[in-house]
Amino acid sequence: MSPDTSMIVPATPADIDAIMACERRPGYEVTVGRWDREQHLAGLADPTHRYFVARQPDGTIAGFVMLQDVAIEADSILVRRIAVGEQRRGYGRQLLGHALHVIFDEFDARSARLGVRAYNANGIALYSSLGMREESRREEQGHGSEAVTVITMTMSAESYRQSRRANP
Ligand SMILES: CC(C)(COP(=O)(O)OP(=O)(O)OC[C@H]1O[C@@H](n2cnc3c(N)ncnc32)[C@H](O)[C@@H]1OP(=O)(O)O)[C@@H](O)C(=O)NCCC(=O)NCCS
């Protein structure tokens with residue numbers, strides 16, 4: 001699989017199995033949330049959500065990204081979830097790049113935001129590499145009884161446009 005050959009397209013209900021398999025990959029339970037089929041079906045039907053998948057030429061799904069709080073000229077759109085099947089192949093960059101394009105160029109939002117656990121070095125590296133920056137930290141209940149630190153990372157429309165001018 002290569003990101004050169006995958007296309008980022010809106011997800012359909014037929015993609016839910018692949019999306020659920022992606023968010024349930026071994027080890028992902030400590031960094032990314034999971035929904036059941038009914039939750040994903042409701043999300044796909046919700047006008048404030050957007051789902052995109054990286055579709056390979058053979059139809060397989062290399063990863064997905066989900067947005068929430070979607071609205072024209074939204075104050076802030078949330079990148080709720082992103083996960084790829086095979087890591088470090090460029091799919092995360094491709095998916096997040098498309099999500100930011102939709103957030104700022106299609107919906108003209110003022111900012112993009114997401115929450116990432118402080119120990120999720122891969123996620124933080126991806127978000128930072130696309131220009132997202134830490135805004136705040138909070139403690140949340142983790143998988144077990146221990147608290148985990150969740151970092152809110154954001155990007156403003158202005159910094160998105162500056163980075164697009166610098167890297168057209
Ligand atoms: C986080 C995640 C989506 C990143 O996707 P990915 O396809 O592996 O990332 P990419 O290959 O597109 O990498 C993009 C950039 O992110 C950074 N990066 C990603 N993984 C990294 C790692 N393990 N170490 C260092 N940098 C990393 C690099 O800057 C990389 O650019 P480069 O390859 O040109 O150096 C993926 O690791 C994943 O699905 N993780 C499990 C689910 C999860 O944690 N989701 C996020 C919840 S907040």
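Atoms within each ligand, like the ligands themselves, are counted from 1 in listed order. Computed from a predicted structure; not experimentally measured.
- Contact atoms of ligand 1 toward T31: 41 (C), 42 (C), 43 (C), 44 (O), 47 (C) (distance under 4.0 Å to a heavy atom of the residue).
- Contact check for R55 versus I61: side-chain heavy atoms found under the 4.5 Å cut-off.
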Residues R164, Y160; criterion side chain to side chain donor-acceptor pair (under 3.5 Å); working and verdict: CA-CA 6 Å; R164 291 306 297 264; Y160 172 76; 2.7 Å; yes

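- Below 4.0 Å from some heavy atom of Y91 lie the following atoms of ligand 1, by number and element: 7 (O), 12 (O).
- Between H98 and H101, the two ring planes are tilted [angle within 30° to 60°].
- Heavy atoms only, all atoms of each residue included: V53 and A11 are closest at CG1-CB, 3.8 Å.
- Considering backbone and side-chain atoms together, E86 places no N or O closer than 3.5 Å to any N or O of ligand 1.
- The closest protein non-hydrogen atom to atom 37 (O) of ligand 1 is Q87 NE2, 2.6 Å.
- The ligand atoms of ligand 1 that sit less than 4.0 angstrom from a heavy atom of G90 are 10 (P), 11 (O), 12 (O).
- In terms of protein heavy atoms, atom 39 (O) of ligand 1 is closest to V84 N, 2.9 Å.
- Looking at I82 next to ligand 1, an N or O pair under 3.5 Å apart turns up.
- Taking SG of C22 as the start and CZ of R34 as the end, the distance is 11.5 Å to the nearest 0.5 Å.
- Within the 4.0 Å heavy-atom shell around ligand 1 one finds G115.
- The only member of E135, E140, E134 that meets salt bridge (Lys or Arg N to Asp or Glu O under 4.0 Å) when paired with R138 is E140.
- Contacts between N120 and ligand 1, counted as non-hydrogen atom pairs separated by less than 4.0 Å, involve the side chain only.
- At the shortest separation from atom 23 (N) of ligand 1 among protein heavy atoms lies N122 OD1, 2.7 Å.
- In this structure, L126 and R93 have side chains that are in contact, with non-hydrogen atoms separated by less than 4.5 Å.
- Using a 4.5 Å heavy-atom cutoff, the side chains of E23 and H40 are in contact.
- The two atoms that bring P10 and D15 nearest to each other are O-OD2, 4.4 Å, heavy atoms only.
- Contacts with ligand 1 closer than 4.0 Å are made by side-chain heavy atoms of Y127 only, the backbone lying farther away.
- A salt bridge links D108 with R161: the distance from a Lys NZ or Arg NE/NH1/NH2 to an Asp or Glu carboxylate oxygen falls below 4.0 Å.
- Among protein heavy atoms, atom 15 (C) of ligand 1 sits closest to R93 NH2, 3.6 Å.
- Less than 4.0 angstrom separates some heavy atom of G92 from each of these atoms of ligand 1: 5 (O), 6 (P), 7 (O), 12 (O).
- Considering only heavy atoms from C-beta on, Y127 stays 4.5 Å or farther from I151 through its side chain.
- Only the side chain of S129 comes within 4.0 Å of ligand 1, judged by heavy-atom distances.
- Across the listed options R88, M153, R80, R88 owns the non-hydrogen atom lying nearest to atom 24 (N) of ligand 1.
- The distance from ligand 1 to the heavy atoms of G123 drops below 4.0 Å at these ligand atoms: 1 (C).
- At the top of the distance list for atom 18 (N) of ligand 1, counting protein heavy atoms only, stands A125 CB, 3.6 Å.
- With hydrogens left out, the protein atom closest to atom 16 (O) of ligand 1 is L126 CA, 3.2 Å, a heavy atom.
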